[in-house]
Amino acid sequence: TYDMLIVGGGPAGAAAAIYAARKGIRTGVVAERFGGQVLDTMSIENFVSVTETEGPKFAAALEQHVKTYDVDINNLQRAEKLLQKDGLTEVQLASGATLRAKTVILATGARWREVNVPGEKEYRNHGVAYCPHCDGPLFKGKRVAVIGGGNSGVEAAIDLAGIVNHVTLLEFAAELRADAVLQRKLHSLPNVTVITQAQTTEIHGDGQKVNGISYQDRSNNSVHRVELEGVFVQIGLVPNTEWLKDTLNLSRHGEIEVNARGQTSLPGVFAAGDVTTVPYKQIVIAVGEGAKAALSAFDYLIRS
Ligand code: FAD
């Protein structure tokens with residue numbers, strides 16, 4: 001039985017593991033892929049105190065830091081079910097094994113929804129991006145498209161318009177779905193073109209990096225190509241909580257509801273990082289939230 005079991009090995013899970021292990025308690029981590037989303041990015045320039053690094057390097061540093069402590073790491077293991085029995089929390093794995101713990105921290109992160117068109121995978125990190133806070137400055141002075149006219153797409157377009165030369169916003173539906181105040185702001189910007197009824201069909205490149213995007217105008221089926229250097233996909237961030245449905249309180253977006261201490265609706269179960277309702281999905285925030293959840297869980301342990 002673990003004192004603290006952390007599900008997820010991204011920045012939030014790693015921070016929680018370090019904070020837990022430093023209390024001298026029996027700590028375990030179970031992760032499908034230790035490192036998490038940062039493994040999928042080449043450049044990280046906003047982790048405070050690290051001017052610039054690469055995702056895989058950052059992930060290796062996370063693992064190395066965790067491994068300096070006595071933490072039981074179960075990598076390449078997927079959690080499938082969480083239940084509570086006899087005052088303990090049980091996590092069942094896809095392998096068939098069951099892990100038991102006095103406290104659990106859920107840090108399973110999230111994933112960006114993809115448009116699934118030719119070119120998206122090929123040019124990921126070579127012009128195709130998902131996070132304006134992370135990658136916006138890489139496109140300074142260039143032309144970009146934002147796919148998606150919901151709040152995140154319109155916010156991204158407004159944000160990027162201040163950095164890049166021109167933004168084309170492509171929305172599939174006939175109207176943008178973002179809040180009116182955001183739409184007003186968007187339409188006031190001189191370097192943004194909004195195209196509705198636009199179904200993205202392909203992201204083009206020269207073999208090295210992105211050089212265009214094609215979309216079909218759904219009103220008349222004509223196909224258009226826009227020359228540009230970057231594409232931001234903003235059609236949703238999906239929290240990895242499918243396995244937790246009907247177990248604890250989730251928001252309507254599927255995020256785990258937590259209070260200011262990272263406590264979920266289940267006693268002894270805490271959550272941190274992109275998987276929670278805490279806004280702004282960033283490494284520096286996930287790390288802070290992971291540390292906080294571990295300290296809260298430790299506080300729970302010494303009181304029970
Ligand atoms: P994640 O990193 O998503 O980690 C989740 C962990 O849980 C993983 O180990 C995963 O394998 C595991 N897991 C999931 N489901 C299960 C399960 N059922 N059982 C067991 N384990 C499970 N942020 C920045 O601040 N700066 C950047 O420059 C930046 N660039 C980015 C570029 C890209 C391409 C992407 C995708 C994201 C980027 N981000 C960036 C966002 C940042 O990566 C996330 O905010 C951060 O990784 C969230 O950390 P996390 O620990 O909450 O979740």
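Note that ligands are numbered from 1 as they come in the structure, with each ligand's atoms numbered from 1 the same way. Given the structure is predicted, the values throughout are model-derived calculations rather than measurements.
The closest side-chain donor-acceptor pair between Tyr2 and Arg100, if any, does not fall under 3.5 angstrom. Remark: the Asn211 side chain and the Glu229 side chain contain no N/O donor-acceptor pair separated by less than 3.5 Å. Side-chain contact of Gln84 with Thr89: a donor-acceptor pair under 3.5 Å is present, judged by distance alone.
Between Gly8 and ligand 1, no pair of N/O atoms sits closer than 3.5 Å. Residue contacts with ligand 1: Glu32 is placed with a nitrogen or oxygen under 3.5 Å of a nitrogen or oxygen of the ligand (distance criterion only). Remark: ligand 1 and Gln282 share an N or O pair separated by less than 3.5 Å (distance only, no angle test). Backbone and side-chain nitrogen or oxygen atoms of Asp135 are examined, and none is located within less than 3.5 angstrom of a nitrogen or oxygen of ligand 1. Residue contacts with ligand 1: Gly9 is placed with a nitrogen or oxygen under 3.5 Å of a nitrogen or oxygen of the ligand (distance criterion only).
Protein heavy atom at the shortest distance from atom 53 (O) of ligand 1 is Gly109 CA, 3.2 Å. Shortest contact from atom 30 (N) of ligand 1 to any protein heavy atom: Cys134 SG, 3.3 Å. Given atom 2 (O) of ligand 1, the protein heavy atom at minimum distance is Gln37 N, 2.9 Å. At the top of the distance list for atom 51 (O) of ligand 1, counting protein heavy atoms only, stands Ala12 N, 2.9 Å. For atom 23 (N) of ligand 1, the nearest non-hydrogen atom of the protein is Ile283 CG1, 3.3 Å. Annotation: atom 14 (C) of ligand 1 to nearest protein heavy atom, Thr108 O, 3.2 Å. Among protein heavy atoms, atom 18 (N) of ligand 1 sits closest to Ala79 O, 3.1 Å. For atom 33 (C) of ligand 1, the nearest non-hydrogen atom of the protein is Thr41 CB, 3.8 Å.
Proximity to Asp40 (heavy-atom distance under 4.0 Å) selects the following atoms of ligand 1: 34 (C). The atoms of ligand 1 that sit less than 4.0 Å from any heavy atom of Gly36 are 2 (O), 4 (O), 8 (C), 9 (O). Those atoms of ligand 1 that come under 4.0 Å of a heavy atom in Ser43, given as number and element, are 28 (O). Distances below 4.0 Å separate heavy atoms of Ala107 from the following atoms of ligand 1: 5 (C), 6 (C), 7 (O). The ligand atoms of ligand 1 that sit less than 4.0 angstrom from a heavy atom of Asp274 are 44 (C), 45 (O), 46 (C), 48 (C), 52 (O). Applying the 4.0 Å criterion to heavy atoms of Ala110 picks out, from ligand 1, the atoms 3 (O). The contact set between ligand 1 and Ala286, taken as ligand atoms under 4.0 Å from a residue heavy atom, comprises 48 (C), 49 (O), 52 (O). For ligand 1 and Asn46, the ligand atoms under 4.0 Å from any heavy atom of the residue are 24 (C), 25 (O), 26 (N), 27 (C), 28 (O).
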| Passes side-chain hydrogen bond (donor to acceptor under 3.5 Å, both in side chains), Asn46 versus Gln282? Steps please. | CA-CA 9 Å; Asn46 58 2; Gln282 293 284 284; 3.0 Å; yes
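For Lys81 and Glu90, the salt-bridge test fails: no basic side-chain N is under 4.0 Å from an acidic carboxylate O. For the pair Arg177 and Glu171, the salt-bridge criterion is met [side-chain N within less than 4.0 Å of a carboxylate O]. Remark: Asp179 does not engage Arg184 in a salt bridge, criterion side-chain N to carboxylate O under 4.0 Å.
Ligand 1 lies out of reach of Tyr130, whose nearest heavy atom is not under 4.0 Å from it. Using a 4.0 Å heavy-atom cutoff, Glu289 is absent from the residues neighbouring ligand 1. By the 4.0 Å heavy-atom criterion, Pro11 is counted among the residues contacting ligand 1.
In this structure a side-chain-to-backbone donor-acceptor pair under 3.5 Å is present from Gln234 to Tyr130.
With a heavy-atom cut-off of 4.0 Å, Arg111 does not touch ligand 1 at all.
Nearest to atom 10 (C) of ligand 1 by heavy atom, out of His133, Arg33, Glu52, is Arg33. In this structure, of Trp112, Tyr280, Trp243, the residue bringing a heavy atom nearest to atom 35 (C) of ligand 1 is Trp112.
For the pair Arg218 and Phe172, the cation-pi test (distance below 6.0 Å, angle within 45°) is passed.
Residues passing the ring-ring contact (aromatic ring centres under 6.0 Å, His included) test with Tyr123, sequence neighbours excluded: none.
Asp299 has its side chain within reach of Arg261: a pair of non-hydrogen atoms, C-beta onward, lies under 4.5 Å apart.
Below 30°, between 30° and 60°, or above 60°: for His224 and Tyr215 the angle between ring planes is below 30°, a parallel geometry.
With rounding to the nearest 0.5 Å, the separation of NZ in Lys121 from CD1 in Ile203 is 10.5 Å.
Taking the centre of each ring, Tyr19 and Phe298 stay at or above the 6.0 Å mark. In this structure, the ring of Phe58 has its center less than 6.0 angstrom from the ring center of Phe47.
Val210 and Leu160 fall into different hydrophobic clusters, where Ile, Leu, Val, Met, Phe, Trp and Tyr side chains are chained together by heavy-atom contacts under 4.5 Å.
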